[in-house]
Amino acid sequence: QVQLVESGGGLVQAGGSLRVSCAASGRTLSRYAMGWFRQAPGSEREFVAAIGRSGFGTYYADSVKGRFTISRDNDKNTVYLQMNSLKPEDTAVYYCAVRLSSGVANTPQLYDYWGQGTQVTVSS
């Protein structure tokens, strides 16, 4: 069993930055891929970014490429999402997830455990 707890969400003006974190417990996650997804009201959950177990393989949705950076600290069992140049359309609940495999994926169904989410709101 894995527990994931996101933190760091909040309200920010367009053009601003936020860093959200996801702390894991119950299992050492260094061997597994992790991802960030988001879901806006009335929309499906969508892929944001993923990172391989080593931290060298990172993948991003086109909508966030160049603005967001995913990273991980395996010693702290934590994954981060640094979000810069935020836009109102980035407003959503952000979820982290772990895939009990070393391979990254951009499909929610391929992830095994999820956090409860943290709200990010970007005002115009």
Side-chain angles (χ1 to χ4, degrees):
Q1 193 76 325
V2 177
Q3 293 79 42
L4 302 173
V5 178
E6 299 96 335
S7 61
L11 174 64
V12 64
Q13 288 188 331
S17 299
L18 275 177
R19 189 178 79 159
V20 290
S21 302
C22 173
S25 61
R27 187 182 290 219
T28 300
L29 299 181
S30 58
R31 293 184 294 173
Y32 307 121
M34 298 192 72
W36 284 97
F37 292 78
R38 66 187 181 187
Q39 188 167 18
S43 300
E44 293 186 352
R45 192 166 297 189
E46 65 172 1
F47 170 74
V48 175
I51 188 166
R53 62 180 183 176
S54 67
F56 293 109
T58 56
Y59 304 90
Y60 298 93
D62 288 343
S63 59
V64 306
K65 201 171 294 183
R67 299 188 297 123
F68 290 13
T69 303
I70 187 171
S71 62
R72 65 191 299 163
D73 185 335
N74 286 336
D75 290 338
K76 296 182 178 179
N77 233 20
T78 300
V79 65
Y80 305 96
L81 185 69
Q82 176 68 43
M83 303 181 288
N84 299 328
S85 302
L86 282 160
K87 305 175 181 180
E89 51 264 42
D90 295 318
T91 295
V93 177
Y94 282 70
Y95 299 89
C96 71
V98 59
R99 182 169 188 237
L100 298 182
S101 164
S102 60
V104 296
N106 62 3
T107 305
Q109 292 81 0
L110 295 179
Y111 285 78
D112 299 285
Y113 293 96
W114 293 83
Q116 83 290 347
T118 185
Q119 177 70 46
V120 172
T121 302
V122 184
S123 63
S124 58

For Arg99, is the CZ atom crowded, meaning more than 12 foreign heavy atoms sit under 6.0 Å from it? yes
Between the main-chain N or O of [Y] and the side-chain N or O of [X], is there a donor-acceptor pair closer than 3.5 Å?
{"X": "Asp112", "Y": "Leu100", "value": "yes"}
{"X": "Tyr60", "Y": "Ile70", "value": "yes"}
{"X": "Gln13", "Y": "Ser123", "value": "no"}
{"X": "Glu6", "Y": "Gln116", "value": "yes"}
{"X": "Thr107", "Y": "Gln109", "value": "no"}
{"X": "Thr91", "Y": "Val122", "value": "yes"}
{"X": "Tyr111", "Y": "Ala105", "value": "yes"}

Step-by-step side-chain contact (heavy atoms from CB on, under 4.5 Å) determination, Leu4 to Tyr95: CA-CA 9 Å; Leu4 302 173; Tyr95 299 89; over 6 Å; no
Apply salt bridge (Lys or Arg N to Asp or Glu O under 4.0 Å) to Arg19 and list each qualifying residue two or more places apart in sequence or on a separate chain. none
Qualifying residues under salt bridge (Lys or Arg N to Asp or Glu O under 4.0 Å), relative to Glu89, sequence neighbours excluded: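 In terms of salt bridge (Lys or Arg N to Asp or Glu O under 4.0 Å), with neighbours along the sequence ignored, Glu89 is linked to no residue.
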How far apart are the closest heavy atoms of [X] and [Y], and which atoms are they?
{"X": "Asn74", "Y": "Arg72", "result": "OD1-NE, 2.8 Å"}
{"X": "Val12", "Y": "Gly16", "result": "CG2-CA, 3.9 Å"}
{"X": "Ser71", "Y": "Ile51", "result": "CA-CD1, 3.7 Å"}

Starting from Phe47, can I reach Val79 by hopping between I/L/V/M/F/W/Y residues whose side chains sit under 4.5 Å apart?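 Different clusters: Val79 never reaches Phe47 through Ile, Leu, Val, Met, Phe, Trp or Tyr contacts under 4.5 Å.
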With the 4.5 Å side-chain cut-off for hydrophobic clustering, are Val104 and Tyr113 part of the same group?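 They do not share one cluster, since no chain of ILVMFWY contacts under 4.5 Å joins Val104 to Tyr113.
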Distance from [X] atom [atom1] to [Y] atom [atom2], nearest 0.5 Å?
{"X": "Ser17", "Y": "Phe68", "atom1": "OG", "atom2": "CZ", "answer": "9.5 Å"}
{"X": "Tyr80", "Y": "Cys96", "atom1": "OH", "atom2": "SG", "answer": "12.0 Å"}
{"X": "Gln39", "Y": "Glu44", "atom1": "CD", "atom2": "CD", "answer": "8.5 Å"}
{"X": "Thr118", "Y": "Trp36", "atom1": "OG1", "atom2": "CH2", "answer": "7.5 Å"}

Do Phe37 and Trp114 make the cut of ring centroids closer than 6.0 angstrom? yes
With a 3.5 Å cut-off and sequence neighbours excluded, list the donor-acceptor pairs that the side chains of residues 22-34 form with protein atoms.
residue	atom	partner	partner atom	Å
Ser25	OG	Gln3	OE1	3.3
Arg27	NH1	Tyr32	OH	3.4

Leu81 side chain reached by Arg38 side chain, heavy atoms, under 4.5 Å: no
Sub-4.5 Å side-chain heavy-atom contact between Val120 and Met83: yes
Would Asp62 and Lys65 satisfy salt bridge (Lys or Arg N to Asp or Glu O under 4.0 Å), going step by step from the backbone distance to the final call? CA-CA 5 Å; Asp62 288 343; Lys65 201 171 294 183; 3.1 Å; yes
Run the numbers on Lys76 and Ser21 for side-chain contact (heavy atoms from CB on, under 4.5 Å), then give the verdict. CA-CA 11 Å; Lys76 296 182 178 179; Ser21 302; over 6 Å; no
